[in-house]
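Worksheet: one structure, shown below.
Basis for what follows: all heavy atoms, side chains included, without hydrogens, waters or symmetry-related copies. Whatever order the structure lists ligands and atoms in, that order sets their numbers, starting from 1.
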Amino acid sequence: MQTKVKFLGHAAIWVETGDFRLLLDPFISGNQNAPVTVDELEPDYILVTHGHGDHMGDTVSIAKRCNATVVTNAEIRNWLALQNVKSHGMNIGGGYSFPFGYLKMTLALHSSTLDDGTSGGNPGGFLLTTLHNRKLYFAGDTGLFGDMALIGETGLDLAMIPIGDNYTMGPEDALRAVKLLRPKVVVPIHYNTFGVIGQEVEPWKKMVEAETNARVVLLDPGGEILID
Ligand code: NI
Ligand code: MN
């Protein structure tokens, strides 16, 4: 079994694992760099880390069209339920065995208000243990926090972390995050979509590979990586 992870631009990620298709933070129609159209996406589950528009994105329309289950925090789950979207609410530190693997919601230092002003609860990230026992960490929008070391203790095959600065960790703190997380492979995300999160990623790759054992994989929107 393999797990395929495809970067859809900004913080949107497509995951194929076993017989299941997962879509994380589907900011597609609002992103001119998205490599797919909303209608091409047919996920079984949509995972949403927090309520901001560049993560909620097209969640509601895709979930309704595909009858996908949205996995997110309890507050966003309640907001989705009012719109008749099928959803599963979780909270930080809790995990659940879904058909596609064991998914745990992790801490994120950020905010989560929905675009209409509703409280979107606390922001989070996701730690997925696949059915072939690979560990994939999706940090969500976050600043650096020391408890990334606890997440790293589980032995990460892949970490996808923001490096754009301004709203999340920047390159320097993202390097420190890699030192705490100790993933085999790290993919930087959440940069260059908007002017204030513009970053040069080649120097970051060199710096991280010089100072840690992680392999940095730079994915353009549409690029993918296979986890054996
Ligand atoms: Ni955000
Ligand atoms: Mn964001």
Above 12 or not: heavy atoms from other molecules or residues under 6.0 Å from NZ of Lys206? no
Within a reach of under 6.0 Å around CD of Glu40, are more than 12 heavy atoms found that belong to other residues, nucleotides or ligands? yes
How is the N/O/S atom of Asp141 that comes nearest to the Mn ion (ligand 2) named? OD2
For N/O/S atoms only: which one belongs to Asp54 and is nearest the Mn ion (ligand 2)? OD2
So do the side chains of Gln199 and Trp204 get within less than 4.5 Å of each other, counting heavy atoms only? no
Once rounded to 10 degrees, what value does the angle at the Mn ion (ligand 2) take between NE2 (His55) and NE2 (His190)? 100°
I need the OD2(Asp141)-the Ni ion (ligand 1)-NE2(His50) angle, rounded to 10 degrees. 90°
Strictly by modelled atom types, are Thr193 and His10 linked by a side-chain donor-acceptor pair under 3.5 Å? yes
Could you pull out the atom name of the N/O/S atom in His110 that is nearest the Ni ion (ligand 1)? NE2
Could you check which N/O/S atom of His52 is closest to the Ni ion (ligand 1)? ND1
Looking at Glu42 and Arg21, is there a salt bridge between them, counting it only when a charged N and a carboxylate O are closer than 4.0 Å? no
